[in-house]
Number of protein chains: 2
Amino acid sequence: MTGMLKDKTRFVPPPKLPPPTPVVDLGDAEMRMAQDLLFFAYRDFTNVADQVLDELGLGRAHHRALHFIGRNPGITVSSLLAVLRITKQSLARVLNQLVDEGFVGQAPGFEDRRLRLLTLTDKGAALERRLFDAQRDRIAAAYTGAGPAGVQGFRTVMRGIMDRGARDYMDGTGSAEDT
Amino acid sequence: MTGMLKDKTRFVPPPKLPPPTPVVDLGDAEMRMAQDLLFFAYRDFTNVADQVLDELGLGRAHHRALHFIGRNPGITVSSLLAVLRITKQSLARVLNQLVDEGFVGQAPGFEDRRLRLLTLTDKGAALERRLFDAQRDRIAAAYTGAGPAGVQGFRTVMRGIMDRGARDYMDGTGSAEDT
DNA sequence: CGAAATGGGTCAGCATTGTTGACTTAAAAT
DNA sequence: ATTTTAAGTCAACAATGCTGACCCATTTCG
């Protein structure tokens with residue numbers, strides 16, 4: 001980029017700004033908006049929790065683990081991996097830290113002693129609570145503003161966007177590993 | 001973690017799985033679900049585009065830049081920074097690459113020649129199109145399944161979740177820099 | 001029973017994308 | 001003429017993904 005404005009001699013005509021990427025269907029505009037919605041809502045939603053996490057030297061990945069362990073006490077490592085869809089190594093980093101710092105507890109499975117059943121300790125539950133509370137307000141406000149029918153629509157669309165595997169997980173139907 | 005199942009003598013009772021983090025309000029369950037919805041929908045939505053990007057050796061960050069430049073032809077660097085809310089240095093990496101590879105064009109502002117007005121080249125627009133088309137199907141399907149009222153609810157909730165600054169941007173009202 | 005499969009773990013190294021901090025340059029503004 | 005401002009650059013660091021290559025302890029299966 002060294003000197004984009006350097007050669008003052010050559011006049012570069014300001015581009016005749018094209019229309020925002022020629023809209024083919026009319027529906028396109030709606031879809032583009034959806035991209036924005038997802039980007040901004042996700043970013044700002046996660047940012048809320050990030051602030052709390054920073055204080056503790058933890059990251060988003062830790063939050064995710066806490067969340068899903070909290071929602072699924074006794075979940076195994078491989079199930080957690082299936083839900084998060086990350087690698088064992090990525091999870092290990094985060095999970096070991098959570099265990100070391102006493103946020104997550106573990107116990108071998110009763111029948112199959114290879115399993116490592118994960119739970120939140122009191123400390124972990126408290127943190128998860130705190131993180132949740134921060135995000136909670138946003139959701140609550142947004143839900144209130146949208147009314148019950150709006151919330152229903154929100155859910156339906158979000159479910160429609162995610163993979164079948166994720167949907168199944170949410171239905172409790174899910175081993176989550178299938179697709 | 002070296003030997004969590006190592007001392008076979010000591011019996012570690014399987015934790016009596018506590019209920020999924022004691023639900024205080026009834027509303028809590030709904031809010032927790034929203035966390036899941038955002039996580040899964042966002043992840044799976046972005047993944048669709050990631051596959052295309054991988055082929056070209058580009059990442060999500062590139063997609064974001066392409067998207068917002070495409071939506072806002074002639075946007076300045078600082079406006080783009082305000083929308084994305086990342087640092088100049090982070091953006092530079094990605095943006096320089098896009099310019100070098102001919103996806104993004106630039107021209108100095110007419111009145112204020114310090115400005116660097118960004119646009120998509122044809123090549124850039126084509127790529128953005130391709131990325132969009134991939135995501136488009138998901139949205140289309142989800143929207144169809146939810147009906148017009150559902151879509152309206154989705155929008156309202158998503159807007160409610162994001163920061164005011166993002167909302168303003170979406171309304172076109174926005175300098176996006178204010179909060 | 002012995003071999004294979006499974007759940008889990010570890011070491012090492014790399015890529016992407018975000019961050020700080022410290023400066024430079026060119027063009028506006030005052 | 002000085003100060004702002006828009007943009008860019010170098011350097012280093014952190015969080016989280018990923019791959020590849022192995023190791024252990026159990027459980028299962030032929």
Side-chain angles (χ1 to χ4, degrees), chain A residues 1-9 39 43 46-47 49-51 53-54 56-65 74-82 84-100 104 106-118 175 177, chain B residues 1-9 39 43 46-47 49-51 53-54 56-65 74-82 84-100 104 106-118 175 177:
Chain A
M1 222 76 347
T2 310
M4 101 144 207
L5 301 180
K6 219 167 231 168
D7 80 282
K8 301 137 188 219
T9 55
F39 172 65
R43 181 194 63 183
T46 51
N47 272 354
D50 284 345
Q51 301 188 296
L53 289 161
D54 276 355
L56 302 173
L58 300 176
R60 247 171 240 196
H62 301 91
H63 186 188
R64 268 170 232 151
I75 192 174
T76 64
V77 170
S78 56
S79 295
L80 189 51
L81 285 174
L84 293 171
R85 292 232 218 113
I86 58 177
T87 59
K88 205 180 10 168
Q89 296 91 324
S90 291
L91 179 58
R93 232 164 4 203
V94 154
L95 197 49
N96 288 334
Q97 209 180 326
L98 290 173
V99 170
D100 288 351
V104 168
Q106 39 185 348
F110 182 57
E111 301 181 13
D112 186 337
R113 301 201 332 276
R114 287 172 307 181
L115 302 179
R116 187 180 156 196
L117 306 180
L118 305 167
S175 36
E177 20 258 297
Chain B
M1 219 75 350
T2 310
M4 101 148 205
L5 302 179
K6 219 167 231 167
D7 81 280
K8 301 136 188 219
T9 56
F39 172 65
R43 182 193 63 182
T46 51
N47 273 354
D50 284 347
Q51 300 189 296
L53 290 161
D54 276 356
L56 302 173
L58 300 175
R60 245 171 242 196
H62 301 92
H63 186 187
R64 267 169 233 153
I75 192 174
T76 65
V77 169
S78 56
S79 294
L80 189 51
L81 285 175
L84 293 172
R85 294 233 216 112
I86 58 177
T87 59
K88 206 180 6 169
Q89 296 90 324
S90 290
L91 179 59
R93 230 163 5 201
V94 153
L95 197 49
N96 288 334
Q97 208 181 326
L98 290 173
V99 170
D100 288 350
V104 168
Q106 38 185 351
F110 182 57
E111 302 179 14
D112 186 338
R113 303 203 328 278
R114 287 173 306 182
L115 302 181
R116 187 181 158 196
L117 307 180
L118 305 168
S175 36
E177 19 259 300

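Everything quoted here is computed from the prediction, not taken from an experiment. Here is how names work: the chains are called A, B, and so on, in the same order as the sequence lines, proteins then strands, and each is numbered from 1.
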J.: Please state how far atom CG in A/Leu84 lies from atom C1' in C/dG8, giving the value in whole angstrom units.
T.: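 Atom CG in A/Leu84 sits about 16 Å away from atom C1' in C/dG8.
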J.: In whole angstrom, what separates A/Arg113's CZ from D/dC24's P?
T.: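 Going from A/Arg113 (CZ) to D/dC24 (P), I get 18 Å.
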J.: Heavy-atom distance under 4.5 Å between the side chains of B/Gln97 and B/Leu58, does that happen here?
T.: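 B/Gln97 reaches B/Leu58 side chain to side chain.
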J.: Please step through side-chain contact (heavy atoms from CB on, under 4.5 Å) for the pair B/Asn47 and B/Arg43, ending with a clear verdict.
T.: CA-CA 6 Å; B/Asn47 273 354; B/Arg43 182 193 63 182; 4.0 Å; yes
J.: Please identify which of these residues, A/Leu95, A/Val104, A/Val94, meets the side-chain contact (heavy atoms from CB on, under 4.5 Å) condition with A/His62.
T.: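 That would be A/Val94.
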J.: Classify B/Glu111 by what it touches in the nucleic acid, base, sugar-phosphate, or nothing, heavy-atom distance under 4.0 Å.
T.: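 Sugar-phosphate contact only - B/Glu111 comes under 4.0 Å of backbone atoms but never of a base.
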J.: So, does B/Ser78 get its side chain near the phosphate of D/dT5, meaning an N or O under 4.0 Å from OP1 or OP2?
T.: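 Result: no.
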J.: Could you check whether any side-chain heavy atom of A/Leu118 comes within less than 4.5 Å of a side-chain heavy atom of A/Val77, counting everything from C-beta outward?
T.: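 SC-SC contact between A/Leu118 and A/Val77 confirmed.
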J.: I need the CD-C1' distance between B/Gln97 and C/dT16, as an integer number of Å.
T.: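 Going from B/Gln97 (CD) to C/dT16 (C1'), I get 10 Å.
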J.: Heavy atoms, side chains only, cut-off 4.5 Å: are B/Asp50 and B/Leu53 in contact?
T.: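 Touching, per the 4.5 Å side-chain cut-off.
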J.: For A/Leu117 and A/Gln106: C-alpha separation, side-chain torsions, deciding distance, then whether side-chain contact (heavy atoms from CB on, under 4.5 Å) applies.
T.: CA-CA 5 Å; A/Leu117 306 180; A/Gln106 39 185 348; over 6 Å; no
J.: Roughly how many Å is it from CG in B/Leu98 to P in C/dT16, rounded to a whole number?
T.: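 That distance rounds to 13 Å.
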J.: Round to a whole Å and report the spacing from CG of A/Leu80 to P of C/dG8.
T.: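 Taking atom P of C/dG8 as the reference, CG of A/Leu80 is at 10 Å.
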J.: Rounded off to whole Å, could you give me the CG-to-P distance for the A/Leu81 and C/dG7 pair?
T.: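 Roughly 11 Å, once rounded to whole Å.
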J.: Whole angstroms only, please: what is the CZ-P distance between B/Arg114 and D/dA6?
T.: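 Distance, rounded to whole Å: 6 Å.
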J.: What is the distance from CG of B/Leu95 to P of C/dT16, rounded to the nearest Å?
T.: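 From B/Leu95 CG to C/dT16 P: 17 Å.
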J.: Any chance you could list the contact pattern along nucleotides 10-20 of chain D? Use B for base contacts, S for sugar-phosphate-only contacts and - for none, protein heavy atoms under 4.0 Å, 5' to 3'.
T.: B-----BBBBB
J.: So B/Leu80 and B/Leu91, do their side chains get closer than 4.5 Å, heavy atoms only?
T.: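 Heavy-atom side-chain distance check passes, below 4.5 Å.
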J.: Would you indicate which nucleotide in D/dT4, D/dT9, C/dG7 comes nearest to any side-chain atom of A/Leu115?
T.: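 Of all the options, the side chain of A/Leu115 is nearest to C/dG7.
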